[in-house]
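Have a look at the structure below, then the notes.
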Amino acid sequence: MAAAVDPRQTVAEHAGREVFGKLTSYLAGRYGTHAEAEDALSKALIAALEAWPKTGVPDNPAAWLLTVARRRLADTARRGSRAHAAQTHLEMIQDELENEAMTATDLPDRRLELMFTCTHPAIDRALQAPLMLQSVLGFDAEAIAAAFLIPGNTMGQRLARAKNKIREAAVPFAVPDEAEHATRLAAVLDAIYVCYHAGWAMNGSGSKAKRSEGIWLASILLHALPDQPEVLGLNALLLYIDARRETEVSSIYIPLDERDTRAWDKRKIHAADKLMAKAAQAELPGRFQLEAAIQSAHCDRARTGRTDWKAIVGLYTVLIRLAPSTGSTIGYAAALCLSGRPDAALEVLDALDPKLTRDHQPYWAVRAKALEDNGQTRLGVEAYAIASGLAIAPAEKAFLLDRMMQLKKNLPDM
Amino acid sequence: MQYMLAAIETKSDFDRRSGPDAETYWAGWQVYTRALQEAGVLVTGEALNLPETATTVRARDGKHVIEDGPFSDSREQLAGFYVIEVSDLDAALAWAARMPCAESGAVEVRPVLAM
């Protein structure tokens, strides 16, 4: 059972991370990426997340964070010129905000530019999502490292190196022009999707409230680009998946098409439906809209009582043509299998590069099911064994092991 | 911001310098240099002689070790460089993408260290 989340904690965290992202992006826009100033702000954020649930969120949270950050920098400033510069930057921003009498709500929001900087192609791809979690939402390297399964100090060093490169090589802080916009936006969308799944892995057995990082980033992006069909698609996709997560953290693994739909969050599904309708108006299909449409078809079972596997197969056919990937190919095979065509599913799986699938758990799980349905019992037992051996989540591991034992009973005695 | 654009060429790129299409090869570099000048971003630049004309020197334990050839024996080698003055990395990358060797070899873009 997940620990209950204190609502005051949630309010404080939301206010704190919102104003953090606005401040770091404002800072980057004015003076370029400044690791020391950003560090000081993230330490101030940690202090805020401790204090605010008890005292309440201050009237001007931006001023609060700036004051604490400057105080922290005052000590280090005597030792280094960079810290001194950081302090000066924060001081100037504080003065500007005071002169304009700006509060948290009308603080200029340049988080879109910041997202584009974090996902610039000059930044190591593997670091784009972690960088976004740190710069836009203010998560510390330790927490991010845990989600990405690498040691905390290693992540800290890599993030510092990435920020150093942004500053030294003058990676631009800007929304790319029209020629570059689509490809650069795709990188932002990818990184947000990675953040969502990282949150998923980090909190698989813990607090469910913490899985919202990806959804949060997606909604910031939607706020900045409200009409982009792929941005709408990503937001819908995450909402559809999130609407069902209540039933997915259970200790017993149940296949998606057998889960109790009464536990699904209908409001989230409805909100996602609305986003999809808006995205469809542009008539520009894309990867995230298609993935969202597939999840929408799964959610439709709550209404119709059955999963329309034929429709899902159709959506996958378009998806793998538009955005081919191992993941979408395996999804396509699974849909084929469950629509009653295990032989076609096996054909699709066989075409994948064995180097990519050898230790890929979803591949073996789908392969096992297809072999079972195709009457290839002996190979099916073997595939279930490999799938279970590769599974990380205990519930899934146990489920696959059980399927293997069941199937084994059908084998003639040796 | 100043950036160095290092032109990295393959063996076949270097061969083109004296091959049947040498004229086309050099014309590619000339028009590129001309475009850099026209845009007012060129600070300096040089083409370098073939990698086999290079000699590498290392000082170890008080002795100089001199070796024939470039410092690394990789398949792709430094062919020349430019230093340009542009606003940010994106602008530098746009120039790098236009360099003749971008297609066959590579271009390394590095900020010049401000001293």
Side-chain angles (χ1 to χ4, degrees), chain A residues 25-36 80-82 84-86 89 110 112-125 127-128 131-132 135 159-188 191, chain B residues 1-10 28 31-46 71-72 74 76-115:
Chain A
S25 59
Y26 191 61
L27 182 74
R30 300 289 288 192
Y31 306 106
T33 299
H34 207 288
E36 279 79 4
S81 61
R82 294 199 46 79
H84 183 73
H89 294 341
R110 305 196 65 189
L112 179 64
E113 285 93 327
L114 190 54
M115 285 184 182
F116 275 113
T117 305
C118 293
T119 56
H120 192 282
I123 303 296
D124 181 358
R125 216 181 148 74
L127 280 176
Q128 295 179 357
L131 201 53
M132 218 187 243
S135 301
L159 287 169
R161 219 177 297 144
K163 279 189 203 168
N164 184 51
K165 177 162 185 191
I166 291 173
R167 185 180 61 240
E168 294 299 320
V171 174
F173 178 82
V175 175
D177 58 22
E178 213 170 317
E180 294 275 302
H181 200 276
T183 44
R184 293 286 311 278
L185 181 61
V188 175
Chain B
M1 279 287 291
Q2 289 196 352
Y3 296 84
M4 176 203 65
L5 310 184
I8 315 291
E9 290 194 323
T10 62
V31 296
Y32 178 69
T33 310
R34 180 88 189 81
L36 286 169
Q37 285 165 335
E38 191 61 36
V41 298
L42 184 63
V43 177
T44 182
E46 297 293 346
F71 85 97
S72 88
S74 87
E76 295 174 325
Q77 292 291 342
L78 184 66
F81 68 91
Y82 294 92
V83 173
I84 62 169
E85 172 91 47
V86 289
S87 60
D88 59 30
L89 182 64
D90 275 359
L93 295 180
W95 280 110
R98 299 180 183 115
M99 205 185 269
C101 65
E103 217 177 321
S104 47
V107 183
E108 181 175 325
V109 180
R110 255 212 247 181
V112 170
L113 193 58
M115 302 284 258

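Here is the naming used below: chain letters follow the sequence lines, and residue numbers restart at 1 for every chain.
The minimum heavy-atom distance linking A/Pro172 with B/Asp88 is given by the pair CB-OD2, 3.3 Å. Of all non-hydrogen atoms in A/Ala169 and B/Met1, the two that sit nearest each other are C-CE, 4.0 Å.
Enclosure of atom CZ in B/Arg98 by more than 12 non-hydrogen atoms of other residues, nucleotides or ligands within 6.0 angstrom is indicated.
A heavy-atom distance below 4.5 Å is not found between the side chains of A/Glu180 and B/Asp90.
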